[in-house]
Amino acid sequence: MKENMVRDIKIADYNYELPDERIARHPLQQRDACKLLVRYPDGKIEKRIFAELPDIIPGGSMLVYNNTRVINARLRFQKNGNGSTIEIFCLEPIDPWEHQENFAATGKCSWLCFVGNSKRWKEGNLSMPVTVGGKQVILSATRTGREGNASKIMFSWDDDTVTFSEIIQAAGEIPIPPYLNRGTEKSDETDYQTIYSHIDGSVAAPTAGLHFTPEVFENLDKKGVKRRELTLHVGAGTFQPVKSELVGDHEMHQEFIRVNRSLIKEIAAGGGDTPVIAVGTTSVRTLESLYHAGCLIAIGDWHGTIPQWFPYEERHPQLSLAESFRHIIDYLDRNGEEEFIADTQLLIAPGYTYRVVDGIVTNFHQPQSTLLLLVSAFIGGDWKKMYDFALDNGFRFLSYGDASLLIGQSMTQQA
């Protein structure tokens, strides 16, 4: 019954008017000087500054953030003959399938990509010269198939001493969101990365983390807040509005997650007494995906992916957090692994029960997006009041905009 209720959600009920001038085109010069909306469990909302976050988060809580780094995923080739520009947007690796192995590949690798101006590229290879380490390398792209509205592209280059990571670093561009309505600028190379990003793989930034500074981290440490990392490589589908009328007709994108065994054990050992605050919706999805992965392992149906509807299905065993995480730890022990690696299609929408996350740091999201559904699910459906407050009080929206702190019922309000 719960699954049908979620499937029948009308995305039009999650629409709001976002004036163009409220979309932040660039971040503030001082990252932690942005506004912070704090939303309490009783519905109270207050306006603060992000630099004050350590004053609000209780000592002893755990702040979990996504350490993924945005890659130069946009490559522009010139088509020989007609001079057309063909844009190839790298989405996720195919061969090698694991991100780090793919970036270390020499000579060739394959990716699933969006192709812009595709009609101008009907056949043949594309190529361009790339200067890497003072020497010229020829990069070629070959279309080998399709998957949905994306293309399978094999990249190859004529120097086996050069890695794909070096190739895209030299030839590609940071892919800023299309709703910024501007080209990539030099400043985006640093502005569109969190200060703690160090695992290459995302094609979009986990933008809630863009507000953190060394000073904020220092004050969190003084407060006794534990800081922990995980990895979700953000895909291009993350920020896309839902285009179907009903949520049930929307297919969630799939994203790669990686979490250390030590973090899984630490959260399980907390037994719910240590508030877990997720930085960004990507961290939320990763932490909540862990719970459902453990449940899938428990019922003997683990195949490496968390399906988008599993949390709402009758077959879900509804384990406690500790029980679910114990199944993951046992799974890692059986396989001799220190990291849990999976793909997730998890959809969090009103009707979802949060199992791991007690608080969320996040930005203000696009109308009719799955990210807005996630926020609404966390605050009991009262998203409109919160967004009206942000619009009425001069908050800036989307990737380079201001932040919010959503405090759940299970999280103490005592700083």
Side-chain angles (χ1 to χ4, degrees), residues 2-7 9 11 14 64-66 68 91-92 201-204 206 208 230-242 244 246-259 263-264 267 276-299 301-321 324-325 327-328 331 339-360 362 365 368-379 406 408:
K2 181 185 284 189
E3 181 179 344
N4 290 335
M5 289 174 60
V6 177
R7 285 181 177 273
I9 292 173
I11 196 61
Y14 294 85
V64 183
Y65 44 82
N66 185 2
T68 190
L91 298 175
E92 60 184 64
S202 282
V203 300
L230 47 70
T231 303
L232 180 145
H233 289 319
V234 188
T238 295
F239 306 111
Q240 294 300 315
V242 178
S244 57
L246 299 178
V247 171
D249 295 325
H250 176 74
E251 182 178 358
M252 281 293 288
H253 54 287
Q254 186 168 290
E255 292 175 312
F256 172 95
I257 65 174
R258 181 199 300 270
V259 184
L263 178 56
I264 297 170
I267 293 174
V276 176
I277 303 162
V279 176
T281 57
T282 60
S283 297
V284 171
R285 292 185 68 228
T286 304
L287 290 166
E288 293 294 319
S289 291
L290 285 176
Y291 168 77
H292 299 294
C295 290
L296 284 164
I297 293 170
I299 63 175
D301 195 22
W302 176 243
H303 304 290
T305 301
I306 297 92
Q308 75 178 68
W309 295 113
F310 177 62
Y312 313 99
E313 294 176 1
E314 292 286 342
R315 67 190 179 109
H316 197 294
Q318 305 299 327
L319 303 178
S320 69
L321 185 151
S324 171
F325 278 30
H327 282 286
I328 298 177
Y331 171 84
E339 296 178 317
F340 185 72
I341 296 175
D343 291 316
T344 183
Q345 287 184 292
L346 177 63
L347 170 68
I348 298 178
Y352 179 86
T353 300
Y354 277 83
R355 302 289 188 162
V356 185
V357 174
D358 303 296
I360 302 174
T362 189
H365 306 294
Q368 302 190 127
S369 64
T370 58
L371 305 184
L372 189 52
L373 293 174
L374 180 153
V375 168
S376 180
F378 189 80
I379 63 175
L406 314 179

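- Between the side chain of Glu255 and the backbone N or O of Leu232, no donor-acceptor pair lies under 3.5 Å.
- In this structure, the side chain of Arg285 engages the main chain of Leu346 through a donor-acceptor pair within 3.5 Å.
- To the nearest 0.5 Å, the span separating OG1 on Thr370 from CG on Leu374 amounts to 7.5 Å.
- Of the candidates Thr68, Asn66, Thr282, Thr68 is the only one forming a side chain to side chain donor-acceptor pair (under 3.5 Å) with Ser202.
- Taken from CG in Leu290 to CD1 in Ile264, the straight-line distance is 5.0 Å, to the nearest 0.5 Å.
- Looking at Ser283, its side chain never comes within 3.5 Å of a backbone N or O of Ala278 through a donor-acceptor pair.
- With hydrogens and angles disregarded, no donor-acceptor distance shorter than 3.5 Å links the side chain of Gln308 to the backbone of Gln345.
- Counting all heavy atoms, side chain and backbone alike, Ala342 lies closest to Phe340 at CB-CE2, 3.9 Å.
- Between the NE2 atom of His233 and the CG atom of Asp343 there is a distance of 11.0 Å, given to the nearest 0.5 Å.
- In summary, the aromatic rings of His365 and Tyr14 are positioned with their centroids too far apart to meet the 6.0 Å limit.
- A donor-acceptor pair under 3.5 Å is formed between the side chain of Tyr291 and the backbone N or O of Leu319.
- Looking only at atom types and distance, the side chain of Ser244 has no donor-acceptor partner in the side chain of His250 under 3.5 Å away.
- Atoms OG and CG, from Ser289 and Leu230 in turn, are 10.5 Å apart once rounded to the nearest 0.5 Å.
- Minimum interatomic distance between Tyr352 and Pro311 (heavy atoms only, all atoms of both residues): CE1-CB, 3.8 Å.
- Within the 4.5 Å cutoff, no side-chain heavy atoms of Val375 are placed close to those of Ile360.
- In plain terms, the two heavy atoms of Ile299 and Pro317 that are nearest each other are CG2-CG, 3.8 Å.
- Tyr312 approaches Ile348 most closely through the heavy-atom pair OH-CA, 3.7 Å.
- Between atom CD of residue Gln368 and atom CG of residue Leu373 there is a gap of 9.5 Å, rounded to the nearest 0.5 Å.
- The two residues Cys295 and Phe310 make their nearest non-hydrogen contact at CB-CE2, 4.0 Å.
- With Asp358 contributing its side chain and Val276 its backbone, the two residues share a donor-acceptor pair below 3.5 Å.
- Using a 4.5 Å cut-off on side-chain heavy atoms (C-beta onward), Pro307 and Leu296 make contact.
- The structure places OG1 of Thr286 at 10.5 Å from CZ of Phe256, a figure rounded to the nearest 0.5 Å.
- Taking every heavy atom of both residues into account, Glu288 and Thr353 meet most closely at OE1-O, 4.2 Å.
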